[in-house]
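Written below as structure tokens is the structure these notes are about.
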Number of protein chains: 2
Amino acid sequence: MANIYDVARLAKVSTATVSKVLSNTPYVSDKTRQKVLDAVFNLGYSPSIAARSLTGNRRFVIGLAIPYEPNYLFRDPFLMEVIQGIEEIANEHDYNLLFTTARKTNPQGAYSRLLNKGYVDGVVILETVKSVELDKKLVESGIPRVSVGYSMGSKGNLAIVTPSVHANDYLGALEATRHLLNLGHRRIGIINGPANFMTAMEERYKGFCTALAEAGLNPDPELMVNGDFTLESGIVAGQKLLQVSPLPTAIFSFNDRMAVGAMRSAREKGLKIPYDLSIIGFDDVELAQASDPPLTTIHQPAMGIGKEAARKLFAIFNGDIDILTETILPTEFILRGSTGPVPT
Amino acid sequence: MANIYDVARLAKVSTATVSKVLSNTPYVSDKTRQKVLDAVFNLGYSPSIAARSLTGNRRFVIGLAIPYEPNYLFRDPFLMEVIQGIEEIANEHDYNLLFTTARKTNPQGAYSRLLNKGYVDGVVILETVKSVELDKKLVESGIPRVSVGYSMGSKGNLAIVTPSVHANDYLGALEATRHLLNLGHRRIGIINGPANFMTAMEERYKGFCTALAEAGLNPDPELMVNGDFTLESGIVAGQKLLQVSPLPTAIFSFNDRMAVGAMRSAREKGLKIPYDLSIIGFDDVELAQASDPPLTTIHQPAMGIGKEAARKLFAIFNGDIDILTETILPTEFILRGSTGPVPT
DNA sequence: CTGAAAGCGCTTACAG
DNA sequence: CTGAAAGCGCTTACAG
């Protein structure tokens with residue numbers, strides 16, 4: 001394989017010049033630049049990432065801080081789509097992804113590689129409440145970071161500000177709830193995420209409450225249960241909600257998989273969807289289209305969130321500090337077959 | 001951050017010795033080794049991967065050759081589970097994964113990074129027929145490789161032998177078909193993968209035919225349709241099969257997602273599963289449990305396949321040439337609710 | 001605008 | 001069993 005010396009020799013310039021051309025430094029004459037480019041082309045030269053890392057102090061690796069067991073991660077279609085977005089942008093920059101998942105065996109050391117500049121140039125945190133600690137450590141270590149989700153800063157704790165990207169959970173939930181209210185539903189069950197787990201869930205709950213308030217209603221604590229985002233937990237949650245009396249006529253699940261689980265419990269109870277019970281989800285993952293009936297839901301631009309997070313990280317690498325902000329992407333209401341008028 | 005010189009200084013030895021201790025070279029006295037280890041611990045030293053790569057000619061990256069669009073990949077639960085297995089083993093060895101997916105914009109150059117020793121130490125090919133070409137190029141370039149699926153060698157073309165790992169597709173399909181036959185089914189529809197796409201599908205088809213032959217039956221060309229593994233394609237495939245007359249009483253889909261799609265078409269036609277129609281899948285992905293009714297299927301050890309493939313690659317790195325073989329993992333028949341006796 | 005030279009942090013023959 | 005030294009392939013001040 002050709003190295004930078006071969007290129008320099010062929011182009012009759014120094015390696016320094018070759019390096020400059022390749023890193024797009026200005027102050028290289030067009031003629032020289034062209035000679036170098038020709039040599040690069042003719043030799044099929046591509047620089048060694050290892051050498052570049054060693055010298056330039058870049059690793060060409062982005063760490064992914066994933067506060068879930070790998071076992072869970074790979075089954076969460078929403079997260080996978082976010083990661084797909086990150087991967088696409090990383091790829092464009094010749095960066096690889098380092099998956100760092102929480103491990104049962106070594107929870108405290110799970111992210112140690114992310115805190116070590118020897119491994120990564122920056123990290124994308126797939127945020128949960130649990131990441132507060134990681135957030136702090138990253139701030140201390142000075143490693144560039146972006147959070148998918150709500151950073152501490154968005155919670156009003158301005159001591160820790162991590163640039164973040166997320167969907168407008170509040171408005172999405174508001175819209176979902178209004179939809180149910182417009183259909184005449186008054187008793188609406190909620191399947192929330194794990195208690196005190198994610199800011200996103202709190203936002204969705206706020207949106208829900210606001211919509212209720214618009215209709216002059218108050219949330220009923222009996223009508224809220226928690227799940228862990230898996231379909232199975234949605235089944236259990238559905239069973240609980242369908243024991244409350246009087247029965248809810250609609251269920252708003254804070255993600256699609258739990259919504260599909262709730263459908264299952266409803267069907268087992270002999271309820272027809274949407275005639276006896278309306279169900280609406282959140283995310284719009286593939287499962288939402290595949291379910292029977294197809295799920296009415298709130299679309300989150302998962303891929304776009306991932307891409308935006310990655311772009312932000314690269315912007316930080318380039319020293320664009322002013323982008324240390326919260327990027328909020330819009331959600332979209334998707335009407336399908338799982339919601340209908342309140343039964344009369 | 002501490003480097004190898006700091007460690008050497010503290011331990012009062014040369015950097016060469018530190019290096020030897022860390023790479024577990026024998027011929028270092030226990031006393032020296034202990035001094036070095038102490039220094040490493042006290043400094044919190046961890047070697048620079050970049051420098052190691054540069055010197056040792058290792059990149060600490062495994063390439064994943066994925067002959068699918070990223071858009072497809074991240075939605076295929078079976079593939080994701082295989083990758084999860086690969087990731088776990090890679091992680092144990094301090095290796096990262098480089099995802100290389102087929103790109104519409106640049107199909108020919110999609111895997112170029114995999115063929116460049118500057119990027120990866122080895123590659124795992126997620127095999128399809130299309131990988132023949134890649135297989136050849138990898139052999140030429142001499143980059144260590146393992147195939148998830150059937151290598152060319154297993155097709156009898158011994159000129160190209162890539163070590164491979166896959167499930168026993170033949171026996172799995174045999175068992176699935178026998179199950180249907182035992183329930184009395186005689187007209188069994190098949191949803192195959194894309195025509196001439198993967199050896200795995202050919203193997204499943206062979207297993208199917210063998211079981212039929214055992215029952216004195218011949219495959220009926222009218223009862224076989226092709227899909228592309230997506231749920232949507234399963235819907236279309238199901239519709240086609242349910243137009244054949246006389247109707248099939250059972251459908252064997254070569255993956256779970258298409259099976260669930262076929263369920264949808266059956267339901268739309270007013271057929272009850274399993275009373276009017278039995279459906280069996282292949283893979284046993286999460287969706288199989290989530291479907292309604294839960295899907296009877298053939299379990300493939302997806303995670304185990306991934307792990308085995310990765311282990312094999314590391315074995316090759318270590319010079320264990322004798323493992324250049326085909327590893328076949330067993331499948332398992334999973335009885336759930338989507339299959340039943342032939343309607344009378 | 002261009003180049004000589006040091007240095008990034010390791011590993012690997014080689015000599016002892 | 002241990003160490004001196006070259007070298008991996010780049011980039012970056014620095015000098016011109």
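No hydrogens, no waters, no symmetry mates; every other heavy atom, side chains included, goes into these values. So that the names make sense, note that chain A is the first sequence line, chain B the second, and so on, each numbered from 1.
Reading DNA chain C from its 5' end, the first and the last nucleotide to sit under 4.0 Å from a heavy atom of chain A are C/dC1 to C/dG9.
When each of B/Thr17 and A/Leu54 is assigned the nucleotide of DNA chain D bearing its nearest heavy atom, the one mapping closer to the 5' terminus is B/Thr17. Nearer to the 5' terminus of DNA chain C, by closest-nucleotide assignment, is the contact made by A/Lys31 (compared with the other of A/Lys31 and A/Thr15). Mapped onto DNA chain D by nearest heavy atom, A/Lys20 and A/Asn3 fall at different nucleotides, with A/Asn3 at the one closer to the 5' end. Toward the 5' end of DNA chain C, the nearer of the two residues B/Arg52 and A/Thr55, judged by each one's closest nucleotide, is A/Thr55.
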Expected output check: what is the dot-bracket annotation of DNA chain C, where ( ) and [ ] are pairs inside the strand (brackets for crossing ones), | is paired with another strand, and pairs are Watson-Crick or G-U under 3.5 Å? |||.||||||||.|||

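Among the candidates B/Ile328, B/Thr327, B/Thr199, the single residue satisfying the side chain to side chain contact (heavy atoms under 4.5 Å, CB included) test with B/His166 is B/Ile328.
The residue B/Val18 sits apart from the nucleic acid: no heavy atom pair falls under 4.0 Å. At a threshold of 4.0 angstrom between heavy atoms, the contacts of B/Thr32 are confined to the sugar-phosphate backbone, with no base atom among them.
For B/Leu22, the side chain to side chain contact (heavy atoms under 4.5 Å, CB included) test picks out B/Val18, B/Val40, B/Tyr45, with sequence neighbours left out.
With hydrogens and angles ignored, the 3.5 Å screen pairs a side-chain donor or acceptor of B/Thr55 with a backbone N or O of B/Ala51. Looking at A/Asp6, its side chain never comes within 3.5 Å of a backbone N or O of A/Arg9 through a donor-acceptor pair. Side chain of B/Lys307 to backbone of B/Ile89: no donor-acceptor contact under 3.5 angstrom is found.
Considering all non-hydrogen atoms of both residues, A/Val165 and A/Ile305 come closest at CG1-O, 3.8 Å.
Taking 4.0 Å as the cut-off between side-chain N and carboxylate O, A/Asp38 and A/Lys35 do not count as a salt-bridged pair.
Under the 30°/60° scheme for interplanar angles, the aromatic rings of B/Tyr95 and B/Phe314 are found to stand perpendicular.
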